[in-house]
2 protein chains.
Amino acid sequence: MEHRLDEIDRRIIHALMDDARNVSAPTIAEDVSVSPGTIRNRIAQLEDRGIITGYHASIDFERAGDRLTNLFMCNAPVSERETVARRAQVIPGVTNVRELMTGRRNLHVLAVGEDTDDLRRIARSLSDLGIEIEDEVLVQNETTHSYAPFGPNDGERAETVTDFISLSGDAEVAEVTVERGAPIAGISLERAVREGVLDDDSLVIAIERDDSVLTPHGSTEIQPDDIVTVFSRGGVDEETIETFRGE
Amino acid sequence: MEHRLDEIDRRIIHALMDDARNVSAPTIAEDVSVSPGTIRNRIAQLEDRGIITGYHASIDFERAGDRLTNLFMCNAPVSERETVARRAQVIPGVTNVRELMTGRRNLHVLAVGEDTDDLRRIARSLSDLGIEIEDEVLVQNETTHSYAPFGPNDGERAETVTDFISLSGDAEVAEVTVERGAPIAGISLERAVREGVLDDDSLVIAIERDDSVLTPHGSTEIQPDDIVTVFSRGGVDEETIETFRGE
DNA sequence: GATGAAATTCTTATCGC
DNA sequence: GCGATAAGAATTTCATC
């Protein structure tokens with residue numbers, strides 16, 4: 001009954017962790033070379049076996065009406081931890097609960113509130129359950145990602161984008177590693193812009209090559225393994241990144 | 001541009017946080033009494049506005065091949081926190097990163113590893129980024145939930161199930177609050193079983209009423225607001241819970 | 001695990017307020 | 001700009017091999 005996961009299961013998990021809503025069974029099926037029905041069966045099995053426990057949208061509650069996200073780090077007696085964890089989950093505002101194996105702060109409760117008063121209400125609800133709040137912090141940002149080892153193993157494919165900063169307005173700066181076979185590799189910046197390979201709104205502002213940093217000019221050629229810094233006034237979108245990515 | 005969310009947006013967010021994959025636009029549309037197309041447009045807007053940031057499957061990695069989930073609580077200089085957070089995200093195995101506003105442990109990194117060696121590799125990767133690991137703990141369990149205040153406001157509808165414990169095998173024990181209008185309310189246990197209202201595999205083992213605990217017999221009648229403890233050898237499924245829930 | 005028909009849902013374009 | 005509507009494409013469901 002305790003079947004191990006095969007390649008199909010792993011790829012399904014990877015795909016659904018990455019995007020649970022907009023990935024269809026046929027899409028995954030093509031990647032793994034089986035029929036869509038098989039993907040569907042496997043997904044149902046993974047759900048039945050309790051491996052896939054749910055699909056949840058991630059929400060930026062700060063943008064969604066100026067709400068606060070707070071992390072309560074709590075102490076619950078080990079013998080009751082599972083029970084109080086379950087009761088904490090249903091407190092209105094609580095969106096995530098982590099039970100930790102050891103330590104004094106063995107219960108992390110993530111909660112969203114309209115304001116600090118609302119968070120106090122949640123704190124009181126936790127206390128009422130016999131949970132001791134050891135520390136609490138506002139959460140600035142949270143991101144969730146797929147489990148890379150379950151992803152496609154096309155070689156050593158490192159992530160292309162190594163850094164990423166949003167500036168005022170829609171402008172963004174991204175640092176990307178140029179892959180072999182990337183559309184922009186081997187041609188000059190001037191030509192890249194002229195031929196539309198590089199977006200008009202994007203500007204290569206630095207090139208890191210062999211541990212030294214070059215200042216790019218029109219005649220500068222981008223090479224594989226260069227780490228280029230790209231500024232884009234309208235935001236660095238997926239299409240721009242593709243320019244630096246191999247096929 | 002900074003429009004506040006209306007009831008439609010809130011209900012969409014609630015629905016997608018609860019189940020991002022198996023909820024269709026028409027389903028939500030019916031709940032809110034608008035056309036499916038509108039729901040679709042709103043979802044696209046919420047994504048564009050950066051309020052919905054993604055849809056992720058939740059995976060129980062312990063069941064998925066005996067992997068370990070570990071939480072690294074780290075310290076990153078505030079000035080570099082955003083940058084290192086972004087770099088930490090792409091370390092293979094890292095599935096979640098929380099940036100916290102204040103405190104010494106202002107970066108929580110959740111990572112999955114095949115074994116402790118694998119986790120050490122991830123820890124080393126974090127250190128290489130200049131992140132100081134202050135503490136680390138194995139995660140036993142994690143659950144994610146919808147944001148209740150965005151849910152349907154049909155009265156004060158408290159959660160029916162207040163506690164839930166899995167026993168050996170498939171057996172489970174659940175503690176549920178009986179709602180007004182529930183199928184089982186007002187009839188004796190014996191009759192409930194006879195008429196199929198209560199599952200054959202389910203057994204009411206305790207009734208908490210007015211702060212005292214009753215021992216149930218065949219002639220005992222379940223009343224609204226009773227907190228009943230149900231044991232089921234095959235697992236307490238949604239159908240069983242419905243027995244205690246109002247229409 | 002694959003196949004095929006039927007129901008549902010999603011995409012897209014178009015119209016009206 | 002926002003929501004409703006309708007046609008065609010794609011996906012999911014279900015039974016069957």
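In what follows, every chain begins at residue 1, and chains take the letters A, B, ... in the order their sequences are listed.
Looking only at distances, no side-chain donor or acceptor of B:Asp226 sits under 3.5 Å from a matching main-chain atom of B:Val228. In this structure a side-chain-to-backbone donor-acceptor pair under 3.5 Å is present from B:Glu172 to B:Val236.
Along DNA chain C, the stretch of nucleotides lying under 4.0 Å from any heavy atom of chain A spans, 5' to 3', C:dG1 to C:dT3.
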Is there a side-chain contact (heavy atoms from CB on, under 4.5 Å) between B:Glu47 and B:Tyr55 once you walk through the steps? CA-CA 10 Å; B:Glu47 290 172 354; B:Tyr55 308 96; 2.6 Å; yes
If you restrict it to nitrogen or oxygen atoms, what contacts under 3.5 Å exist between nucleotides 15-17 of chain D and the protein, and what is each distance?
none

Protein-to-nucleotide contact annotation, 5' to 3' order, nucleotides 3-13 of chain D [B base; S sugar-phosphate only; - none; under 4.0 Å, heavy atom]: SSB-----SBB
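With respect to the salt-bridge test (charged N to carboxylate O, under 4.0 angstrom), the residues B:Asp201 and B:Arg233 do not qualify. Salt bridge absent: B:Glu114 and B:Arg121 never bring a charged side-chain N and a carboxylate O closer than 4.0 Å. Between A:Asp115 and A:Arg120 there is no salt bridge, since no side-chain nitrogen of the basic residue lies less than 4.0 Å from a carboxylate oxygen of the acidic one.
Taking the six-membered ring for Trp, A:His56 and B:His145 have ring centres at least 6.0 Å apart.
Taking the side chain to side chain donor-acceptor pair (under 3.5 Å) definition, one finds that B:Glu242 meets it with B:Arg245, sequence neighbours left out.
Put simply, the side chain of B:Leu138 reaches to within 4.5 Å of the side chain of B:Leu68, judged on heavy atoms.
Taking the C1' atoms of five terminal pairs at each end of the helix from C:dG1-D:dC17 to C:dC17-D:dG1, the two resulting helix axes are inclined by 30°, rounded to 10°.
When all heavy atoms are compared, the tightest approach of A:Ala64 to B:Leu5 is CB-CD1, 3.7 Å.
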Validation: residues 13-29 of chain A side-chain donor-acceptor distances under 3.5 Å, sequence neighbours left out:
residue	atom	partner	partner atom	Å
A:His14	ND1	A:Ser146	OG	3.1
A:His14	ND1	A:Tyr147	O	3.2
A:His14	ND1	A:Gly151	N	3.4
A:Asp19	OD1	A:Arg21	N	3.0
A:Asp19	OD1	A:Asn22	N	3.0
A:Asp19	OD2	A:Asn22	ND2	3.3
A:Arg21	NH1	B:Ala20	O	2.7
A:Arg21	NH1	B:Val23	O	3.0
A:Arg21	NH2	B:Val23	O	3.3
A:Ser24	OG	A:Thr27	N	3.4
A:Ser24	OG	A:Thr27	OG1	2.7

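In summary, of the residues considered (B:Asn96, B:Thr53, B:Thr95), a side chain to side chain donor-acceptor pair (under 3.5 Å) with A:Thr144 occurs for B:Asn96 alone.
Residue B:Glu7 contributes atom CD, which lies 18 Å from atom C1' of D:dC2 at whole-angstrom precision.
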